[in-house]
Amino acid sequence: MNTLQINLPGREYKIDIGLNILDEQLLEPVLLSGTDHVVVVTNTVLQDLYPNCISKVLQESGVRVTTCVLPDGEAYKNLDTFSKIFDFLMKVSANRKTMLVAFGGGVIGDMAGFAAATFMRGIPFIQVPTTLLAHVDSSVGGKTAVNHPLGKNTIGSFKQPEYVCIELSFLKTLPFRELKAGYLELLKHGFIRDANLFEFIQGHTLKPLDFEFLEEAIFRSCAIKGRVVEQDETETGVRAILNFGHTLGHLIETHAGYGTYLHGEAVGAGMCFAAFVSWRWNELSEKDWKRICGYLRQILAPVILHSLDLELFRDLILHDKKAQKQAVNFIMLKKLGESFIQQDTSVEKLWDEFNQFTALYPEFVELR
Ligand code: NAD
Ligand code: GLY
């Protein structure tokens, strides 16, 4: 098992990463919190695959455990589903000492975290992530949110968990497409901060699952994210580099309809586009661009976008039809392993580059 500490003053927490660790590790942080009621927030898929998984771990502890089961998928990451968590919490008489446990992928983690941030002005929560994407990214750092029909993750807050337990055995049941989506967020941390991590990842495949590789890769990935979050918890500056690939990624998810492309797939196409722009604007060398593009080409399937024009591109990127501002902070690469924030990047210039990108590389994004 590997352990990582996130050092945010007053909100420190531990992340344990390993195979078959949940039974041993989860009890202590729950008991230390002094709670007598845990509400597990999960979805129908996890509840079928791992029925009452968390309550079994806690059954000897004397802590009451109730389970709130939500419908599955990105399409349900919205205010309607979110309010069902509050209905449940009220029904089971949750109070300010109740602990939430998010048991699922990034969708469950983001919604349960947001519920923990807002129910009775804030209650504690623990992340037990079950997808590779949630292992390497969403369970760490405290961003929580739901989607609005016009913009991805536009309603949310920052709320750090009390503890994160990354149990690798859950990956055994994860569909391969979902594994690949998580792998893309893992690559993201290599692209933006650590060329050695990129090389390490390149040297291993996901099939069959190699838990030694995964434990180290997840540890290194969480460490990169953790150090950035420690510097800038609420994204007033450097944390924005974690959004590499997200400008186009979020546009793809919103425009194609939530759930059509997986978050990791959309970010993968977005990272390729951001690397392309970095190369075209003479920040990234041709050699690094070719390396990134060549590698992503082996992993990504094409994203198809219909009826996209400049006006819609701008609305989707700026999340606001009446926005005065016509520019975004765009994350670019200086080299493989080094990123920076290009402040006030013109949306029109990005649109021009996007047209070049789709014309030259329809295998990544095709406009129809
Ligand atoms: P997800 O939560 O939808 O999970 C993917 C699918 O796998 C779902 O159908 C789920 O039910 C299923 N599943 C989960 N664990 C499983 C398991 N062990 N075995 C079998 N099936 C399993 O998607 P995701 O990729 O985990 O997360 C994507 C979400 O995370 C997006 O909404 C994205 O915005 C968010 N996100 C948040 C952050 C953050 O910092 N908060 C970072 C990255 C992504
Ligand atoms: N996934 C981007 C962030 O956590 O800031």
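Heavy atoms only: backbone and side chains are in, while hydrogens, waters and symmetry mates are out. Every value quoted in this text rests on a predicted model; they were computed, and no experiment measured them. Atoms within each ligand, like the ligands themselves, are counted from 1 in listed order.
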Taking the six-membered ring for Trp, is the centroid-to-centroid distance between [X] and [Y] below 6.0 Å?
X: Phe200; Y: Phe213; answer: yes
X: Trp289; Y: Tyr361; answer: yes
X: Tyr295; Y: Phe198; answer: yes
X: Phe88; Y: Phe119; answer: no

What are the atoms of ligand 1, with element, lying closer than 4.0 Å to any heavy atom of [X]?
X: Asp137; result: 42 (C), 43 (C)
X: Leu174; result: 7 (O), 13 (N), 15 (N), 16 (C), 17 (C), 19 (N), 20 (C), 21 (N), 22 (C)
X: Lys152; result: 31 (C), 32 (O), 33 (C), 34 (O)
X: Thr131; result: 4 (O), 14 (C), 15 (N), 24 (P), 26 (O)
X: Lys225; result: 40 (O)
X: Lys77; result: 31 (C), 32 (O), 33 (C), 34 (O), 35 (C)
X: Asn43; result: 10 (C), 11 (O)

Any nitrogen or oxygen of [X], side chain or backbone, less than 3.5 Å from one on ligand 1?
X: Glu185; value: no
X: Phe170; value: yes
X: Val107; value: yes

Which ligand 2 atoms does [X] reach within 4.0 Å, using its non-hydrogen atoms?
X: Leu242; result: 2 (C), 3 (C), 5 (O)
X: Asn243; result: 2 (C)
X: Asp137; result: 1 (N)
X: Lys143; result: 2 (C), 3 (C), 4 (O), 5 (O)

Exercise for the section: Could you verify whether a donor N or O on one side chain and an acceptor N or O on the other, from Thr42 and Tyr50, lie under 3.5 Å apart? Expected result: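 No donor-acceptor contact under 3.5 Å links the two side chains.
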Problem - Gln342 side chain to Glu283 side chain, donor-acceptor N/O pair below 3.5 angstrom - result: no
Problem - Proximity to ligand 1 by part of Leu46, non-hydrogen separation under 4.0 Å - result: side chain
Closest protein heavy atom to [atom], given as residue, atom name and distance to 0.1 Å:
atom: atom 11 (O) of ligand 1; value: Asp72 OD1, 2.7 Å
atom: atom 19 (N) of ligand 1; value: Thr173 OG1, 2.7 Å
atom: atom 31 (C) of ligand 1; value: Glu74 OE1, 3.1 Å
atom: atom 28 (C) of ligand 1; value: Leu133 CD2, 3.8 Å

Problem - Axial cation check for Phe125 ring with Lys159, 6.0 Å and 45° limits - result: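 The answer is no, since Lys159 fails at least one limit relative to Phe125.
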From the candidates [options], the one that places a heavy atom nearest [atom]:
atom: atom 23 (O) of ligand 1; options: Gly141, Ser138, Gly113, Gly106; answer: Gly106
atom: atom 5 (C) of ligand 1; options: His250, Arg239, Glu178, Glu265; answer: Glu178
atom: atom 15 (N) of ligand 1; options: Thr42, Thr130, Asn153; answer: Thr130

Practice task
Please indicate whether any nitrogen or oxygen in His246 is less than 3.5 Å from any nitrogen or oxygen in ligand 2.
Solution key: no
For residues [X] and [Y], determine if any side-chain heavy atom of one lies less than 4.5 Å from a side-chain heavy atom of the other.
X: Glu178; Y: Leu133; value: no
X: Ile17; Y: Val164; value: no
X: Lys225; Y: Arg193; value: no
X: Val277; Y: Phe357; value: no
X: Tyr261; Y: Glu253; value: no
X: Phe219; Y: Ile166; value: no

Practice task
Answer with yes or no whether Lys172 contacts ligand 1, where contact means a heavy atom under 4.0 Å from a ligand atom.
Solution key: no
Practice task
Could you establish whether Asp110 and ligand 1 come within less than 4.0 Å of each other, counting only heavy atoms on the residue side?
Solution key: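 Asp110 counts as a contact of ligand 1 under the 4.0 Å cut-off.
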Exercise for the section: Classify the ring geometry between His246 and His250 as parallel (under 30°), tilted (30 to 60°) or perpendicular (over 60°). Expected result: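 Perpendicular, since the angle between the ring planes exceeds 60°.
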Practice task
Pick one of side chain, backbone, both or neither for how Val229 approaches ligand 2, counting any non-hydrogen atom pair under 4.0 Å.
Solution key: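 Neither; nothing of Val229 gets under 4.0 Å from ligand 2.
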Problem - Glu185 touching ligand 2 at heavy-atom level, < 4.0 angstrom - result: no
Fill in the blank from the handout: Interatomic distance, CZ@Phe340 vs NZ@Lys334, rounded to 0.5 Å, equals 4.5 Å
Handout entry: Hphob cluster co-occupancy, Trp279 + Leu350, side-chain heavy atoms under 4.5 angstrom
Key =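 Yes, because Trp279 and Leu350 connect within a single hydrophobic cluster, where side-chain heavy atoms sit under 4.5 Å apart.
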